[in-house]
Amino acid sequence: MKRKKRIYEPCFEVKGHIYMTPEGIIIPSVTEIIKAELNLYNFSSQAAAKRGEYVHQACQWHDEGRLKVESLDPVLIPFYNQYILFLKENPSVKILQNETMRYSPKYLYAGRADKLALVNGVSALIDLKTCNILKQEIWHKWQTAAYEYLFRHECGEQERYILYLTPDEYLFVKHDNKRDFYEFLTLLAAHTIKINNGYRKQKEEFSEIE
């Protein structure tokens, strides 16, 4: 008899954006780890973060067949149109799940994958970004690697992508360096050491959405 794979889904507290294990242990998110260790959390505007959150939601609702396009804020429509264009021009991309949370019982961190998909029939993880396409931050590869690991127990090794959306164009970028996850673990180790020894607070204040 085939053994059913265990799903490692964290508890999530919306207020404070806090992830916890089922036992109630607070654990950091992928974005929290990366932004804290690279000192990036002071560089994103609240307006851009909120816009990104709404674009994510619009794309999710489209995938789930429950978006009323006429209700979208005009500011969001160009981003949404680029997402629709991406799907039209890339028919091999099939979205399976949206906004799926998992945590690692081994490394004690959590994350939320924007999209789990099939790309040319291959299991893939896609993260959405609404920043400038010319601003492809190095840390994005560590983010996708960290997310991919969280789902490997269920899905096996997946391909990793970032879908950059702007009002005028989109860019679909693949990450495939095997070292990315080990470099993320270095950031996680530094983050954990600082928290355990009082050099950093358990939770910093910044946006989870990019």
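Below, all heavy atoms of this structure are taken into account, side chains as well, without hydrogens, waters or symmetry copies. Residue indices begin at 1 and follow the sequence shown. Predicted model, so just to flag it, every value in this text is computed and none were measured.
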Over all atoms of both residues, closest heavy-atom pair of Pro167 and Gln82 = O-NE2, 3.9 Å
Show the numbers, then the answer: is there a side-chain hydrogen bond (donor to acceptor under 3.5 Å, both in side chains) between Asn81 and Tyr170?
-> CA-CA 10 Å; Asn81 287 341; Tyr170 72 82; over 6 Å; no
For the residue pair Tyr80 and Asp73, confirm or rule out a side-chain donor-acceptor distance under 3.5 Å.
-> no
Leu163 with Val122, same ILVMFWY side-chain cluster at under 4.5 Å | no
Hey, could you give me each pair passing salt bridge (Lys or Arg N to Asp or Glu O under 4.0 Å) that has a residue in residues 150-175? Not counting sequence neighbours.
-> Arg102-Glu154, Glu148-Arg152, Glu157-Lys178, Glu159-Lys174, Arg160-Asp180
Which residues pass the ring pair (Phe, Tyr, Trp, His ring centres under 6.0 Å) test with His175, sequence neighbours left out?
-> none
Heavy-atom side-chain contact between Pro22 and Tyr103 under 4.5 Å | yes
In chain order, what residues pass the side-chain contact (heavy atoms from CB on, under 4.5 Å) check against Leu96, with sequence neighbours excluded?
-> Leu118
Polar contact flag, side-chain donor to acceptor under 3.5 angstrom, Lys129-Gln143 = yes
Only pairs at least two apart or in different chains count here, so list each ring-ring contact (aromatic ring centres under 6.0 Å, His included) that has a residue in residues 107-133.
-> Tyr107-Tyr149, Tyr107-Phe181, Tyr109-Phe184
Please check if Leu38 and Tyr147 belong to a single hydrophobic cluster, counting links between Ile, Leu, Val, Met, Phe, Trp and Tyr side chain heavy atoms closer than 4.5 Å.
-> yes
Please name all residues satisfying ring pair (Phe, Tyr, Trp, His ring centres under 6.0 Å) with Phe172, sequence neighbours left out, ordered by chain then number.
-> Phe86, Tyr161
Listed by chain and number, what are the side-chain hydrogen bond (donor to acceptor under 3.5 Å, both in side chains) partners of Ser123, not counting sequence neighbours?
-> Gln158
For Lys68, check side-chain contact (heavy atoms from CB on, under 4.5 Å) against everything at least two apart and list the hits.
-> Glu70, Ser71
Could you go through the side-chain contact (heavy atoms from CB on, under 4.5 Å) check for Ile126 and Val93 one step at a time?
-> CA-CA 10 Å; Ile126 301 174; Val93 176; 4.0 Å; yes
Is there a salt bridge (Lys or Arg N to Asp or Glu O under 4.0 Å) between Glu99 and Lys115 once you walk through the steps?
-> CA-CA 6 Å; Glu99 301 295 330; Lys115 299 183 184 297; over 6 Å; no
Can you find a heavy atom in the side chain of His140 that is under 4.5 Å from one in the side chain of Tyr164?
-> yes
Can you name the side-chain contact (heavy atoms from CB on, under 4.5 Å) partners of Asn197, sequence neighbours left out?
-> Ile193, Tyr199
Sequence neighbours excluded, which residues qualify as salt bridge (charged side-chain N to carboxylate O under 4.0 Å, His left out) partners of Glu64?
-> Arg66
Taking atom types as modelled, is there a side-chain donor on Thr144 or Asp127 under 3.5 Å from an acceptor on the other?
-> no
Would you say Ile7 has more than 12 foreign heavy atoms packed within less than 6.0 Å of its CD1?
-> yes
Gap between atom CD1 of Ile34 and atom CG of Leu187 - 0.5 Å precision | 6.5 Å
Of all heavy-atom pairs linking Val30 and Gly111, the shortest is CG2-CA, 4.3 Å
If you measure from CD on Glu37 to OG1 on Thr192, what distance do you get to the nearest 0.5 Å?
-> 8.5 Å
Can you find a side-chain donor-acceptor pair between Tyr83 and His56 that sits under 3.5 Å?
-> no
Report yes or no: do Leu128 and Val75 belong to one cluster of Ile/Leu/Val/Met/Phe/Trp/Tyr joined by side chain heavy-atom distances under 4.5 Å?
-> no
Is His62 close to Leu87 at the side-chain level, that is, under 4.5 Å between some pair of heavy atoms?
-> yes
Taking only residues two or more places apart in sequence, or in another chain, which ones meet Asn177 in a side-chain hydrogen bond (donor to acceptor under 3.5 Å, both in side chains)?
-> none
Please list, chain by chain and in numerical order, all residues satisfying side-chain hydrogen bond (donor to acceptor under 3.5 Å, both in side chains) with Glu13, sequence neighbours excluded.
-> none
CA sep, side-chain torsions, deciding dist, call: Met20, Ile18, side-chain contact (heavy atoms from CB on, under 4.5 Å) = CA-CA 7 Å; Met20 292 175 286; Ile18 296 172; 4.1 Å; yes
Provide the closest heavy-atom pair for Thr130 versus Arg51 in the form atom of the first, atom of the second, distance.
-> O-NH2, 3.4 Å
Show the numbers, then the answer: is there a side-chain contact (heavy atoms from CB on, under 4.5 Å) between Leu108 and Leu188?
-> CA-CA 9 Å; Leu108 291 180; Leu188 172 61; over 6 Å; no
Indicate whether any N or O donor in one side chain lies under 3.5 Å from an N or O acceptor in the other, for Glu32 and Tyr19.
-> no
Which residues share a side-chain hydrogen bond (donor to acceptor under 3.5 Å, both in side chains) with Thr21, sequence neighbours left out = Glu23
